[in-house]
Amino acid sequence: MEGTNNLEMKKEVIPSLIRSIDANDIQGFDDSLMKNNVLYEAMETNGAKSESETSNAYLHHHRTPSISISMPPSPIEQHVKKVAFRDDVELVAKSDPPATSATKYYSQPMPTGVGFQEGVAIGKSPNRPPRNPRVDKLKDDERYNSFKTFSGRLERQISNLRGKPTNEPQVSTPRSEINVSVDRYFDALTGPELDTLRPSEEIILPDDKKWPFLLRYPISSFGICLGVSSQAIMYKNLASTAPTHFLHVSLKVNLILWCISLVLFTVVAAIYLLKIVFYFEAVRREYYHPIRVNFFFAPWIALLFLAIGVPSTVTTHLPHFLWYVLMAPFLILELKIYGQWMSGGQRRLSKVANPSNHLSVVGNFVGALLGASMGLKEGPIFFFAVGMAHYMVLFVTLYQRLPTNETLPKELHPVFFLFVAAPSVASVAWANINGSFDYGSRIAYFIAMFLYFSLAVRANFFRGFKFSLAWWAYTFPMTGAAIATIRYTNEVSNVFTKALTVVLCSMATLTVFGLLVTTILHAFVMRDLFPNDISIAISDRKPKTVHKWFHKRSGSSEKDIEHYLKFVTSEDKDVEDTAAPKDIESQKSLP
């Protein structure tokens with residue numbers, strides 16, 4: 001009887017679940033790990049141990065086995081089985097497994113333990129690749145997709161080719177947020193450069209963090225190339241003009257500056273080309289911007305400067321077809337912009353007139369200068385005539401400054417030096433076309449000198465504002481005036497003209513060198529040279545009309561007051577002045 005009772009007790013000690021699984025292998029259940037656990041080892045190696053020792057060895061073992069479960073193809077088509085936890089319950093299959101494909105589903109061990117849980121809690125997992133927080137922020141924000149050329153399609157294609165398909169849903173950004181009319185630029189932006197957002201407007205890009213670099217890289221960066229490449233032309237003239245031989249300037253200076261200009265232009269153009277490739281919509285918005293469109297002349301003007309200042313050690317004769325290739329973009333852009341000036345509408349000259357418009361005019365004179373130096377006649381005269389006609393119209397428009405036009409803020413005062421650029425280059429261009437520095441060239445030169453000194457004597461006009469790329473507007477006109485003075489000294493050589501040449505060349509060189517160093521510091525040390533470009537991020541939707549309901553509320557909260565003040569523009573009267581009369585009337589109406 002005792003042996004029989006002991007056998008029955010031993011049978012009851014073994015859990016029925018393990019016994020049932022061991023007796024009846026369930027299809028799809030990975031029982032290989034269960035057979036190798038500590039309990040089976042204890043039962044096979046030392047069957048004489050008591051049930052309590054075996055149970056303690058199992059409970060206190062420090063290595064808890066991992067359990068693997070084979071998942072079915074879908075929760076609907078699964079093989080349903082019940083496992084008995086008691087001896088008196090039968091294992092009954094509710095449904096037979098349907099015919100499925102031969103796809104195999106391999107189970108993976110589920111990692112457990114305190115270390116794994118702590119790693120998941122802090123965002124670290126052995127199966128998860130390291131992530132870059134900056135890249136994640138840009139990927140998570142879908143608002144950038146409206147400016148991307150490929151809108152994420154290229155990244156997904158590359159991932160698929162590498163065998164890493166992405167499961168991220170494709171984001172479809174409304175195209176209406178991109179097609180912005182010219183009226184919206186004037187409605188949503190303010191300031192002479194149309195780069196300041198009105199208080200009642202909102203942008204479609206995040207305004208609480210810094211955007212990708214290419215989105216913040218403006219077309220006005222080519223102004224740096226204009227300043228440095230014009231220095232190469234100035235030192236080439238200093239070294240080759242007879243009245244300035246007393247300065248002992250070597251042509252090697254021209255070669256060094258020309259090489260620096262070439263490298264600088266290559267870098268700036270390559271970065272902007274990347275912006276065209278990856279953020280074409282941002283470039284398109286700059287092109288349709290009524291003020292930014294003028295800076296699309298800057299890359300081609302810089303190429304003309306490189307052709308004019310090419311050292312004699314590199315080449316002495318440039319092919320004629322090069323001039324036609326470089327002047328073709330000018331003709332295309334001028335047909336568009338000058339036609340808009342003349343036809344009227346929102347892009348009429350009286351509305352968009354700005355000193356930066358000189359960039360669309362000065363290219364004609366630079367092209368005429370290059371063509372005349374290459375021996376061409378008709379083409380240079382054509383562009384000189386077009387440039388002179390539109391310069392006179394622009395000069396008068398900017399000089400009179402209609403009452404509806406805003407005055408330039410301090411940050412944009414340097415662009416006033418663009419007044420000097422066109423007449424300076426025009427005087428040298430006409431001298432090359434006519435063959436001598438005659439009265440026509442001298443008239444243009446004297447106009448440039450008067451404008452130069454009228455701005456130079458106003459020292460307070462160019463102080464007390466933050467550095468920006470607009471400062472490069474100093475360099476190109478100052479260098480152009482110095483080059484015109486060198487040419488005038490070659491015709492009228494005396495002590496005064498030589499001294500004037502030295503002063504203007506020195507000022508231009510110091511200005512370019514100082515701005516180049518300052519630009520490098522702000523770009524790589526302070527990293528504030530390229531702020532978020534608000535002017536390209538405006539929405540095509542007009543803001544909702546908010547009525548002045550402030551006087552109708554009593555006991556308004558601070559949040560309501562801030563919401564009201566947000567939509568009050570500077571053109572409106574003071575809040576107290578507008579609210580007081582209506583409040584008095586409301587008080588009189590009370591009994």
Side-chain angles (χ1 to χ4, degrees), residues 226-262 301 304-318 362 365-376 380 384 420-450 452-453 475-513:
L226 296 179
V228 180
S229 57
S230 61
Q231 285 286 301
I233 302 175
M234 186 186 72
Y235 277 93
K236 181 179 181 180
N237 283 270
L238 284 175
S240 58
T241 304
T244 58
H245 283 172
F246 69 95
L247 297 174
H248 302 287
V249 177
S250 175
L251 285 174
K252 293 182 179 179
V253 180
N254 164 244
L255 177 62
I256 294 173
L257 289 174
W258 187 83
C259 293
I260 294 175
S261 304
L262 182 62
I301 297 175
L304 291 177
F305 282 170
L306 289 174
I308 295 173
V310 61
S312 58
T313 56
V314 176
T315 183
T316 55
H317 298 284
L318 294 173
V362 73
F365 301 126
V366 179
L369 173 60
L370 175 63
S373 62
M374 296 171 64
L376 300 175
F384 185 90
V420 183
S424 299
V425 182
S427 64
V428 181
W430 183 251
N432 282 14
I433 292 174
N434 197 34
S436 63
F437 206 85
D438 58 0
Y439 292 118
S441 299
R442 296 184 185 189
I443 290 174
Y445 172 71
F446 292 148
I447 293 174
M449 287 296 101
F450 175 80
Y452 186 98
F453 288 109
T475 58
F476 159 50
M478 293 178 67
T479 307
I483 295 172
T485 303
I486 295 173
R487 188 62 184 270
Y488 179 71
T489 304
N490 193 31
E491 297 292 331
V492 182
S493 181
N494 52 46
V495 177
F496 175 77
T497 56
K498 291 181 180 180
L500 183 61
T501 300
V502 173
V503 171
L504 295 182
C505 291
S506 301
M507 292 178 61
T509 302
L510 292 176
T511 303
V512 170
F513 180 77

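At distances below 3.5 Å, not a single donor-acceptor pair connects side-chain atoms of Lys236 with backbone N or O atoms of Trp258. Although no hydrogens or angles enter the test, the distance criterion places no donor-acceptor pair under 3.5 Å between the side chain of Thr497 and the main chain of Thr489. Side-chain N or O atoms of Thr316 include none that pairs as donor or acceptor with a backbone N or O of Ser312 at under 3.5 Å. Judged by distance alone, with hydrogens and angles left aside, the side-chain atoms of Asn254 form a donor-acceptor pair with the main-chain N or O of Gly309 at under 3.5 Å. The closest donor-acceptor contact from the side chain of Arg487 to the backbone of Phe437 lies at 3.5 Å or more, if one exists at all. At least one donor-acceptor pair closer than 3.5 Å links the side chain of Ser373 to the backbone N or O of Leu370.
More than 12 heavy atoms of other residues, nucleotides or ligands lie within 6.0 Å of CZ in Phe446, so this atom counts as buried by the packing criterion. In the displayed structure, Phe246 atom CZ is contacted under 6.0 Å by more than 12 heavy atoms of other residues, nucleotides or ligands.
Every residue was checked against the side chain to side chain donor-acceptor pair (under 3.5 Å) condition with Ser229, not counting sequence neighbours, and none meets it. Every residue two or more places apart in sequence or in another chain that forms a side chain to side chain contact (heavy atoms under 4.5 Å, CB included) with Ala429 is listed here: Ala368, Leu369, Phe384. Annotation: side chain to side chain contact (heavy atoms under 4.5 Å, CB included) contacts of Thr509 (sequence neighbours excluded): Gln231, Met234, Tyr235. Remark: Val495 engages no residue in a side chain to side chain contact (heavy atoms under 4.5 Å, CB included) (not counting sequence neighbours). Residues meeting the ring-ring contact (aromatic ring centres under 6.0 Å, His included) test with Phe513, sequence neighbours left out: none. Listed by chain and number, the residues in a side chain to side chain contact (heavy atoms under 4.5 Å, CB included) with Ala421 are Val362, Phe476, Pro477 (sequence neighbours excluded).
Here the CZ-OG distance, from Arg442 to Ser436, works out to 8.5 Å after rounding to the nearest 0.5 Å. Note: Trp430 CH2 to Ile443 CD1 = 11.0 Å, rounded to the nearest 0.5 Å. Between Met478 atom CE and Leu510 atom CG the span is 8.5 Å, to the nearest 0.5 Å. Separation of atoms CD1 (Ile486) and CD (Glu491) is listed at 13.5 Å; rounding is to 0.5 Å. The CD1 atom of Ile301 sits 10.5 Å away from the CD1 atom of Ile308 when rounded to the nearest 0.5 Å. One finds the CG atom of Leu255 at 4.5 Å from the OG1 atom of Thr313 (value rounded to the nearest 0.5 Å).
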Next on the checklist: Run Ile233 and Ile483 through side-chain contact (heavy atoms from CB on, under 4.5 Å) and show every step you take.
Outcome noted: CA-CA 8 Å; Ile233 302 175; Ile483 295 172; 3.7 Å; yes

Next on the checklist: Working note: Thr244 + Val249, criterion side-chain contact (heavy atoms from CB on, under 4.5 Å); need CA distance, chi angles, decisive distance, verdict.
Outcome noted: CA-CA 8 Å; Thr244 58; Val249 177; over 6 Å; no

Item to check | Derivation of the side-chain contact (heavy atoms from CB on, under 4.5 Å) call for Cys505 and Leu238 | outcome: CA-CA 9 Å; Cys505 291; Leu238 284 175; 4.0 Å; yes

Checklist entry - Can you list the steps and then say if His317 with Met374 is a side-chain contact (heavy atoms from CB on, under 4.5 Å)? => result CA-CA 7 Å; His317 298 284; Met374 296 171 64; over 6 Å; no

Checklist entry - Is there a side chain to side chain donor-acceptor pair (under 3.5 Å) between Tyr445 and Thr485 once you walk through the steps? => result CA-CA 8 Å; Tyr445 172 71; Thr485 303; 3.1 Å; yes

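Of all the heavy atoms in Leu318 and Ala307, the pair that sits closest is CD1-O, 3.4 Å. The two residues Ala448 and Val420 have their closest heavy-atom pair at O-CG1, 3.7 Å. Taking each heavy atom of Pro380 and Ala372 in turn, the nearest pair found is CG-N, 3.6 Å. Listed here is the closest heavy atom pair of Met507 and Thr511: O-OG1, 2.7 Å. Closest heavy-atom contact between Asn490 and Pro243: OD1-CD, 3.5 Å. Among all heavy-atom pairs drawn from Val428 and Ala484, the shortest one is CG2-CA, 3.7 Å.
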